[in-house]
Amino acid sequence: MTTHLHPAQADGSPRPEGPGEDPHRSLHSQTGPRPGEHPGRSANPLVKVAGLAWLEFEKPDLDRAGRFGTDFGFTVADRTPDTLLLRGRQAASACLVIRRGPRPRFIGPAFAAGARDDLDRLARGTGGTVTAHWGGHAVLLRDPSGFPVRVVHGIPELPTLPGRSPLPLNFGTLLARANVTQRPARRPAEIQRLGHVALGTTKFRATLDWYLEVLGLIVSDFLYLDGQRDRGPSMAFIRCDLGSVPADHHTLAMALMPQTGYLHSAYQLTDLDEVAASGEYLRERGYRHAWGLGRHIQGSQIFDYWRDADRLMFEHYTDGDVFDAAMKPGWAPMSVSGLAQWGPKATAEFTGGGDPRVVVSAIKALRDKGNEVDLRALRGLIKAMSS
Ligand SMILES: [Fe+2]
C-alpha cells in the first residue's frame with residue numbers, strides 16, 4: 001500500500017518507511033535508549049489500564065462551557081444545574097465531565113481498567129477504596145504531582161452517534177472520486193473521541209514512574225533537555241500497553257515544567273479537511289487560535305490547537321500513529337521546533353512563553369526543594385522553548 005502511493009523516489013531520497021522498519025528513524029527521533037537509560041516501562045506494573053476514559057474540569061459558567069464545547073465539536077450528553085457532560089460520537093463514556101466550580105481548572109483524568117479485578121489490585125496496592133461510580137466502579141488515586149486520578153470499570157457506554165465519513169480523496173492516478181466535487185463545509189467538527197491529555201509537572205520523573213508502575217503505561221517517545229541527556233528525560237509521550245493491539249502513540253503526554261498543571265487535551269476528527277474546515281468555523285466564531293495546522297513529530301498527528309473562553313487549550317487532531325507493545329521508546333532533544341514536521345512556527349499562545357506568570361512559577365519552583373526544577377533544568381527548558 002505504502003509503495004503503491006509512493007512510487008520509486010527518482011531523486012534518490014529515502015523511501016517512506018514501511019511496516020517493519022524503524023519509525024523512530026529520521027524526523028521521528030534520532031536514537032533509541034543508551035545502556036542504563038530509562039527503559040520506558042515497568043517490568044511488573046500493578047495493572048495495565050486499557051485507555052483514557054474522560055477528563056474532569058471545574059468551570060464557573062457551564063452555559064459558556066457548553067457553547068465552546070458544541071462549537072469545538074462535542075455533543076452534550078447530559079446537563080444538570082451543576083454538571084455538563086460532553087461526548088464524542090464513538091461509543092464510550094463522555095469525554096469531558098465539567099462540574100460547576102469557583103474557577104476554571106482541570107481536575108484530573110479518569111482511566112479505564114481492563115478488568116474489574118484491577119480496581120481491587122489498585123485499591124490494595126495504593127490504600128484506596130473501590131466505590132460504586134455511575135453504574136460501574138471506580139478507585140480514586142493521586143499521582144505524585146497531586147492530580148486526582150480515577151480508574152474506572154463497568155460504566156455503561158453511551159451509544160454510537162452517526163458521524164461523517166472521511167472525504168474520498170483522489171491521489172494522482174488513484175481515483176476515488178470522478179464526476180463528484182469536493183465541498184467540505186465550514187461547520188463544527190464532529191469529535192470522534194478523546195485522544196490524550198498533556199500535563200506539565202515539577203515532579204516529572206516521580207510522576208512518570210508512577211504512571212508506569214501503577215497504571216502500566218509505556219513510553220513511546222522520550223525528549224531530553226538538549227545537552228542534558230545525562231539527567232534523563234524531561235518529557236514523555238506515554239501509551240497504553242494493549243499487547244499486540246495497537247494503541248494511540250500517546251494517551252498521556254507529560255513534561256517537566258516550572259508549574260504543575262494542565263497543558264491541553266486532544267480529540268480525534270475524521271480527516272484533514274474536518275480539522276481545517278472546523279477550524280475556520282471556530283475562527284469565524286471569534287475563538288482564540290493557539291497553533292496549527294501542522295503535523296507533529298512524536299505521534300505524527302495533523303493538529304490544530306484552540307483556547308476556550310477560559311484560556312484552557314484543546315486540540316483537534318487526525319491521523320495519529322498507533323503502536324503495539326513491541327515498540328521501544330525513541331529519544332530526541334526537546335525543542336519547540338521539534339514538535340512539528342510542518343506547519344507554522346509554534347506561537348507564544350501555544351507555549352505559554354509570553355505569560356509573565358511563568359517567571360513567578362519558575363522562582364517558586366526553584367525555592368521549593370520538593371521538586372525536580374533546578375537552575376540547570378530551567379536553563380534547558382528556556383533553551384527548548386526558544387529553539
Ligand atoms: Fe497533543
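All ligand and atom numbering here is 1-based and tracks the order in the structure.
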Polar protein atoms (N, O or S) that approach the Fe ion (ligand 1) to under 2.8 Å: H196 NE2, H264 NE2, E315 OE1

Those residues that, when tested against H264, pass ring pair (Phe, Tyr, Trp, His ring centres under 6.0 Å) (two or more places apart): H196, Y305

Any donor-acceptor N/O pair, R239 side chain to D324 backbone, under 3.5 Å: yes

Sidechain-backbone polar pair: E157 side chain, S93 backbone, donor-acceptor under 3.5 Å: no

Main-chain N/O of I218 paired to D241 side chain as donor or acceptor, under 3.5 Å: no

With D248 via salt bridge (charged side-chain N to carboxylate O under 4.0 Å, His left out) - residues at least two apart: R193

Contacts of R376 that satisfy salt bridge (charged side-chain N to carboxylate O under 4.0 Å, His left out) - sequence neighbours left out: D230

